[in-house]
Amino acid sequence: MHMYNHREIEKKWQKRWLNDKTFQVSDRPKKKYYCLDMFPYPSSNGLHVGHPEGYAATDIFSRFLRMHGYDVLHPMGWDAFGLPAENYAIKKGVHPRETTEKNIENFRKQIQSLGFSYDWSREINTASPEYYKWTQWLFLEFYKHGLAYKKKAPVNWCDSCKTVLANEQVQDGSCERCSNAVIQKELAQWFFKVTKYAEELLTDLSDIEWPDSIKRTQQNWIGRSEGALLQFPLAMTDGAKPNYVLLHGYLGSPDGIFFPWLKQALEKRACTVQAPSLPHPSHPTEKEQVDYVLRHCTFDENTVLFGHSLGAVVALKVAEKLERPISKLILAGGFLDAHFRDTERPFTNTFSWKFDFEKIKKNVRGGIILSEENDYAIPPEQGRKLHDALGGTHITVAGQEPHFTGTREPALLEHLAPTITVFTTRPDTLYGATYMVLAPEHLLLKKKELRIKNQEEVQEYINTSAKKSERERLHLEREKTGVEVKGIKAINPVTGEKIPVWIADYVIASYGTGAIMAVPAHDARDFAFAKKYALPVRMVVCPHYPAPTCPVLDEAYEGAGHLVESGPFTGMSNEEAKQAITDSVGGVIRQNYKLRDWLISRQRYWGAPIPIIYCESCGEVPVPEVDLPVLLPDDVDFRPTGESPLKRSGTFHSVTCPKCGSSACRESDTMDTFVCSSWYFLRYPSATQADVPFEDEQIRSWLPVDMYVGGAEHAVLHLLYARFVTKALRDLGYLSFSEPFLRLRNQGLILGEDGEKMSKSRGNVVNPDEIINAYGADTMRLYEMFMGPFEDAKPWSTASIIGMRRFLEKVWRTYTAIPTNYPNIVIPAKTGIQTHVKDFDTEHLNKLLHKTIKKVTEDIQEFKFNTAISALMVCLNAFAREREKGIDIPAQQRDTFLLLLAPFTPHITEELWSMSGHAESLAFHPWPKYDPTLIKEDVMNITVQINGKMRDHIIISHDVSEENIIKAALERETVKKWTQGKKVVRTVFVPGKLLNIVVS
RNA sequence: GCCCGGGUGGUGAAAUGGUAUACACGAGGGACUUAAAAUCCCUUGCCGCAAGGCGUGCGGGUUCGACUCCCGCCCCGGGCACCA
């Protein structure tokens, strides 16, 4: 017999599990459970004590489930791309591939030294070409379906990391990685269309079992609010009124979709509108329709020619044939050839599809091309082609309905007539709107025809706010600033009143429409601004209606009430008025989200290259799937310059176009590493398959993930992205479920001994290797699980580990009969137990054991590992006391206890299990069941309270009635002492537990 | 400013309407030992000789009874941050 030697035992079992492939699962599970850890970034610091906390929890859970007969998929892999390896390369000149490989080796060794039951045959590495080939495939799938797109936009730029960042990676206006201030830069970048799933990402939260705090964080991040789009015509001090020619499309008419609404809105602005009904809308021919327009409509230098869908094609042809130039050409959902996304249309051969763009450009002074982002018929490149041919402005907007088929399309009106469109959650306060505010970046300010009188002042304000970093805006910007835009006024659509237009950076360009109607009486921010610049405050919602006078406001009133000073709506409740006022001005109710599309381009080297090629003649060309992976070249100078390092690799950068063969270049940005980690859980089941990213059958067998464990810091990063990718892949037909992770648990942070977050600079980092070496993996696992509630942050204490080690040594002693230094068995005098009691106290200890089974089983299911361990300790202490008395624990009870302990400390339990004569591993042994009849106590211990204070206990059998218990209680000396000379007012009896006697 | 989590012995913590402090660390005492370590036993919220009183951040409330529920505050931690 030996002393407990953790080094020997742990090495032995770890080796055996690996050699025997104990934890490899089959591809065809009978009863599946997918238990997943967030895979680590293999940093050069090695494992941190925070890692094993989550890994121990999933390991306990996996082992527990295996003992319940589940086939548990429990894999591990490496989130291996990322900045630290690259930064290290810059500093030390070691290639990131080399560092990463070394770090992975180290991580694997460390993780294996903890005896986790991973299926190592499914290990994945996101930086391997076998993996990132499929990350690139994912990008291409998204690209093909309009979920990946490139656009020029103001983006977050970290000048120290020399790369752009996603919104989710900006914290307090600073870079998440290096804390450098983030500035705004206008760059063309790749985005994933997360916003398409905003609503679903929000509502599906109710289907998953996640911590409420994470759900709430995601909810807030998605930031849905319901409001109205309202349009304010602009009144310019001079300038002629345009007259409009509106052309409908295939199967359309001037009475269809948005045309009546649009016509009315333009006429309200005192413009003339011609909206001809084009001949044969269901069998349109070019000649007939174009001639019809030329014959029936009049054109002059103030004409704005508008065409929707096929009407846009007619408009182009009309513009080509005009004799005099017109003011403007506006095309919505237009196209240049008859290739549609959905079906063929019958006018393919009745139009010529040849355009004289020079002539058209000569005949129109300006042009606007509007693409609809969810267009079901017109592919996005049509808008781009039109723009290439015509110039002017090309804008992709969200229509009310795909392909601008809503009955009201505010986006169109906005571009047809000078208009400010606002999003407001308070359309009920429209009568109180006394001024407008545009964000400094608002497109309207770029329009020359506005004839802004203080252009210089306005431009200066725009410039200064553009220069401000996010952080500056945050820190020195409680005080609002702004400049009035002189020379234009907005018209309040209900009062007809002309109100001033301001620009101010308290309005954010990227939210809503980038413009607001300011209602200072009912919005705190507008109120502060109005006070500063002496703008009128008009109260229109009063909480005291119908009081004759409303209170004078010294702050904004944002609560509910009834409308006052609001024309026909006066007296209506403000909630009702929201819809009523919106309708009366032709506005639309709309949901708005704070969520932005996910910016995935990174100007860095150590990531998956974006598989796009730019060809001089074909433009943007996706790399054909057969050419994947686009390999990351090794011969690269990684120094960050702000330009992607890949651009400087000649072998990588210059290529030939896969479509036409002419010279082209590759996209040189790489993908955000979060793209790699947004789908890795789909890969594990098919980890070794080279021909597909994930195999159908495997997906059906194993997914979705049943239990997912990791840190809460990913609440709006990884966890949101993975949900998005899952939904997108479902819509592309690859998956049949909508949520990737059914249950989620977050481990709490392990703090340093000083109670602060562990960090190198604080010097409070604990190295798990030393702990494992000194105390053993089992002790380490047990300690991390015993520290406190799994989800709470808790400070590390090396001194406390000894308690866990003592517990395991006690287990060892109890099972191996290795004597303590006690020379022989001595019965402690105080207990008064007779020496002839040599039998296991079956009755009492069996009860305790069965209570322990119940407690441990329930606690593991609820991730309450700390109390489960404490229950195991209580049970063992009782066993050990028996052993102290020289009494043997019967084999059945000994085995049961080992099985309960096994998920927590697998090495020592396997060893003791085999020493007890079991040939098979206990990893798949059925989990013990408890006997409910054994758990019941046969006598009740009733607490007796007097006036709610505990005074006495009575021990009494179950069959005694309440009445008799009260009687018995009142006869007790201790009770009498309190009831003497008092009257019993009432008694409260809790069966089996407590009796409260109320006296006065 | 808004949202979330938390505040219980010397320490990590347990108890989610019914005996406050299970389990563990630390501390003190004892047994064993030439001695130490290990082990085993006892004690360990505060005041008090005791009877008893007080006690879960603070102040109120609901209740026969509150760490637990409600209202108002204070402090600590985390997240969001001019989102119309």
Side-chain angles (χ1 to χ4, degrees), chain A residues 3 171-173 211-214 216-217 219-221 223-225 227 422-426 429 437 473-474 477-480 504-508 510-519 522-526 528-529 592-595 712-713 715-716 748-749 751 755 757 783 786-789 791-804 806-807 809-810 813 819-823 826 828-831 864 866-874 877 880-881 884 941-953 977 985-990 993-999:
Chain A
M3 296 297 281
Q171 304 207 320
D172 277 337
D212 284 342
S213 58
I214 299 280
R216 221 164 280 127
T217 307
Q219 250 169 42
N220 292 340
W221 189 260
R224 175 191 149 119
S225 50
V422 302
F423 173 73
T424 176
T425 53
R426 297 295 304 273
T429 62
V437 187
R473 281 203 191 189
L474 285 175
E477 275 283 319
R478 284 289 115 184
E479 178 80 4
K480 296 181 180 26
D505 60 12
Y506 82 89
V507 172
I508 300 161
S510 56
Y511 184 77
T513 59
I516 61 154
M517 65 176 203
V519 185
H522 304 292
D523 181 281
R525 294 152 302 177
D526 298 343
F529 193 79
N592 225 322
Y593 303 89
K594 282 199 246 179
L595 185 71
E713 67 274 16
V716 292
L749 214 55
L751 307 169
K757 208 167 160 170
Y783 173 65
F786 184 71
M787 287 171 82
E791 319 218 338
D792 287 7
K794 36 208 176 275
W796 179 269
S797 163
T798 302
S800 304
I801 296 171
I802 189 69
M804 303 305 115
R806 281 182 197 147
F807 168 69
E809 285 182 0
K810 199 182 235 181
R813 276 199 308 276
T820 56
N821 283 354
Y822 255 65
V826 172
K830 275 184 192 171
T831 62
K864 285 155 80 174
N866 55 335
T867 49
I869 293 167
S870 128
L872 287 164
M873 287 171 167
V874 172
N877 285 343
R881 265 190 293 273
E884 284 296 327
N941 185 347
I942 304 276
T943 298
V944 181
Q945 294 184 331
I946 312 289
N947 285 348
K949 284 211 192 306
M950 196 275 286
R951 297 298 179 192
D952 199 7
H953 301 276
K977 212 165 73 189
V985 180
R986 63 180 285 196
T987 55
V988 179
F989 182 66
V990 183
K993 262 194 176 163
L994 173 137
L995 173 70
N996 188 11
I997 300 165
V998 186
V999 294

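In the text below, chain A, chain B and the rest are named by the order of the sequence lines, each starting its count at 1.
- B:U21 and B:G26 are spaced 22 Å apart, taking the P atom of each and rounding to whole Å.
- Checking B:G18, B:A14, B:U19 against the side-chain heavy atoms of A:N941 singles out B:U19 as nearest.
- Distance from the side chain of A:M873 is smallest for B:C23 among the nucleotides B:C23, B:G26, B:A84.
- Nucleotide B:A31 forms a Watson-Crick or G-U wobble pair with B:U39, both donor-acceptor distances falling under 3.5 Å.
- Side chains of A:N877 and A:K810: a donor on one and an acceptor on the other come within 3.5 Å.
- Contacts of A:S225 with the nucleic acid, taken as non-hydrogen atoms under 4.0 Å apart, involve only primed sugar atoms and P, OP1 or OP2.
- Among B:A84, B:U19, B:C23, the nucleotide with an atom closest to any side-chain atom of A:Q945 is B:U19.
- Checking B:U44 for Watson-Crick or G-U wobble geometry (two distances, each under 3.5 Å) identifies B:G26 as its partner.
- Taking 4.0 angstrom as the limit, A:N866 places none of its side-chain polar atoms (N or O) nearer than this to OP1 or OP2 of B:G12.
- The side chain of A:R986 approaches B:C64 more closely than any other nucleotide in the set B:C64, B:A84, B:G18.
- As rounded to whole Å, 17 Å separates atom P of B:A24 from atom CE of A:M787.
- Heavy atoms of A:V874 sit under 4.0 angstrom from primed sugar atoms or phosphate atoms, though from no base atom.
- Taking atom C1' in both B:U44 and B:C25, one finds a spacing of 13 Å when rounded to whole Å.
- Heavy atoms of A:S800 sit under 4.0 angstrom from primed sugar atoms or phosphate atoms, though from no base atom.
- In this structure, the nucleotide among B:G65, B:C25, B:C54 sitting nearest to the side chain of A:K949 is B:C54.
- Across the P atoms, B:C42 and B:C23 are found 12 Å apart, a figure rounded to whole Å.
- Residue contacts for A:N877: at a heavy-atom cut-off of 4.0 Å it reaches the sugar-phosphate backbone alone, with no base atom in range.
- The CG-P distance, from A:D505 to B:A84, rounds to 18 Å in whole Å.
- With both ends at atom P, the span from B:G12 to B:G77 equals 16 Å, rounded to whole Å.
- For B:U19, the OP1/OP2 oxygens have no side-chain nitrogen or oxygen of A:R951 closer than 4.0 Å.
- Looking at residues two or more places apart in sequence or on another chain, you find no side chain to side chain donor-acceptor pair (under 3.5 Å) involving A:Q219.
- Regarding contacts with the backbone of B:C4, every side-chain N or O of A:R216 stays at 4.0 angstrom or more from both OP1 and OP2.
- The phosphate of B:A84 (OP1 or OP2) has no side-chain N or O of A:K594 nearer than 4.0 angstrom.
- The residue A:I802 sits close only to the backbone: its heavy atoms come under 4.0 Å of sugar-phosphate atoms, none of a base.
- One finds no side-chain N or O of A:R881 lying less than 4.0 angstrom from the OP1 or OP2 phosphate oxygen of B:C40.
- Sequence order on RNA chain B of the closest nucleotides to A:P795 and A:R806 puts A:P795 first from the 5' end.
- The nearest pair of heavy atoms linking A:N947 to A:V999 is OD1-N, 2.9 Å.
- Residue A:T424 is classed as a sugar-phosphate contact, given heavy-atom separations below 4.0 Å to backbone atoms only.
- Across B:G18, B:A51, B:A13, the shortest atom-to-atom separation from the side chain of A:K794 is found for B:A13.
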